[in-house]
Visitor: 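Dropping the structure in here first, questions after.
Values below: every heavy atom of this structure, side chains too, minus hydrogens, waters and symmetry copies. Within every chain, numbering begins at 1; the chains are lettered A, B, ... in the order of the sequence lines, protein sequences first and strands thereafter.
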Amino acid sequence: MAMIEVKSITKSFPVKKYDQAAKKYVKDTLTVLRDFSVNFDQEGVTVLLGPSGTGKSTLLRCINGLETIDKGDIIVDGMSVRDKHQLRKIRETCGMVFQQTVLFPHLDVMDNLTLAPCTLLGMSKKDAVERAKQLLDKVGLLSKEKARHNELSGGEQQRIAIARALMMNPKALLLDEITSALDPEMTSEVLAILENLASEGVCMLAVTHEMAFAQHVASRILFMDKGSLVCDASKDDFFTIYRKENERIASFLKFIGE
Amino acid sequence: MGGYTLNFRVLLQYSGLFLQGVVLTIKICVGSMIISFFLGMLLAVMRQSKSRVARFVSTVWVEVLRNTPFLIQLFFFYYGLPQLGIYVDALVVAIIALGINSSAPNCEVIRSGLMAVKTGYYEASAALGFSKFQTFTRVVLPISLRLAFKPLTSNFVNLVLTSSVCYGITLMEIMGVAKTVSARSNRPFEIYLILLVVYCIFTYLVSFVAKAIDRKIQIKL
Ligand SMILES: Nc1ncnc2c1ncn2[C@@H]1O[C@H](COP(=O)(O)OP(=O)(O)OP(=O)(O)O)[C@@H](O)[C@H]1O
Ligand SMILES: [Mg+2]
């Protein structure tokens, strides 16, 4: 059984649409994911590619229970995202990092890391601090223990956010374009951390436009377009066979300069 | 100046009375600050809640308080409650009335604090596994209270100044003492001069403490 099973889910958002005839905005629904299925095992790095607006973030948010799904089901480690009581456990299983990270502004780095494990896992403060130190060391920011979010660069904030997610000891990390808001130098700092984690066997599901990352670190590549899965392949197949044979993929890769 | 000579010495005999007044004023202020803070917080949360009833109650509460004079609110409780068979001490009435009165501006500033907490904070906490309630108590409230702290303290300064109205219900707080002493000693000029200074000191102390706390807790979003 796969660790994350996305079983033919449908997800739509209520939106307002301009009705030409009636000359006013009317309620409408935008279906982002339609009958979408995919499985993830707890292994390696899966990179999720696709043009903007195809529902990559929506998929990750559905897995983490941040969005409710209309149809179908997602089973994370045996738990359904439809079950409100399991939501906490699911989020513990799948840590998530966003493009725009928000560190809690009223807490320093150390407290940002220890807050969740202390309140949710009942970890003792001492153990939490110890674990936090290990993780801060791993992301190369042990010296920033006492810093506040406004004293950190964007790249440092993302590295802290990764450490904060890892504090919960998740089985997988969901990463949503976590380097998109960073300049190239900070991007490579963050990617280096991810590469390191991957080599230690941390399982990741990452949306990214960093092709170098996809080529070096990913084991599996998913390509989405307009809410459906176009391709699910090993990295090698993706960058050889699929890029030649699938027009959508070829033009996408060309477009982002690969 | 008509050759008026200031004479504070004649007031010395009333210094004990003044001191009692000061103590009573402090009691009124501290008591009502506590009430107005928690009530303001509750009202702000109600105002931001999904429940229409809660939002309605909070809105009406705040509007009524903001658009009526405090003296009338005070009389309403002091003379109104006994008619309903509820007898409470003038001090208790003053603390409650002033607390309720300042809950309105406190609600407003705490509410702006709550509104400044963007969805990103809610999602970051949710993604870590915090329940809605934990997100609120551990993240949203601590952030918004810190953001609201400065305007809250200026509300508290206003509260201190407004507390002088409480002499209207026979309370011998410092303004009440001043009225009495001025009738007895016939030295209103000196007495009210002292009072102006005392209120300045009160509000200065509030701001001083507030600034010290603010330095500790201030955050940037
Ligand atoms: N809360 C929402 N309400 C309405 N529409 C939404 C909402 N969230 C997303 N959408 C729409 O759903 C579609 C998919 O969005 P999503 O963020 O999943 O795309 P994406 O693949 O992550 O794109 P990008 O690469 O730009 O991040 C978009 O058309 C977006 O406008
Ligand atoms: Mg996205």
Visitor: Please report the closest heavy-atom contact between A:P105 and B:L221, naming both atoms and the distance.
Guide: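 It is CG-CD2, 3.7 Å.
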Visitor: Heavy atoms only: give me the nearest A:F98-B:A124 pair and the separation to one decimal.
Guide: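 Between these two residues, the closest heavy atoms are CE1-CA, 4.3 Å.
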Visitor: Where does A:L115 contact chain B at under 4.5 Å (heavy atoms): side chain, backbone, both or neither?
Guide: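 A:L115 touches chain B through backbone and side-chain heavy atoms alike.
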Visitor: With A:K138, which residues qualify under side chain to side chain donor-acceptor pair (under 3.5 Å), at least two apart?
Guide: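 Once residues adjacent in sequence are excluded, the partners of A:K138 under the side chain to side chain donor-acceptor pair (under 3.5 Å) criterion are A:E200.
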Visitor: In terms of heavy-atom pairs under 4.5 Å, which option from A:L87, A:L66, A:L120 contacts chain B the most?
Guide: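 Most heavy-atom pairs within the cutoff with chain B belong to A:L120.
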Visitor: May I have a table of the donor-acceptor pairs connecting chain A and chain B at distances under 3.5 Å?
Guide:
from: A:R61; atom 1: NH1; to: B:E123; atom 2: OE1; distance (Å): 2.9
from: A:R61; atom 1: NH1; to: B:E123; atom 2: OE2; distance (Å): 3.1
from: A:R61; atom 1: NH2; to: B:E123; atom 2: OE2; distance (Å): 2.6
from: A:R91; atom 1: NE; to: B:A126; atom 2: O; distance (Å): 3.4
from: A:R91; atom 1: NH1; to: B:A126; atom 2: O; distance (Å): 3.4
from: A:H106; atom 1: NE2; to: B:R138; atom 2: O; distance (Å): 3.1
from: A:H149; atom 1: NE2; to: B:K220; atom 2: O; distance (Å): 2.5

Visitor: Measuring from atom CZ of A:F104 to atom CG of B:L128, what distance do you get when rounded to the nearest 0.5 angstrom?
Guide: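 That separation rounds to 5.0 Å.
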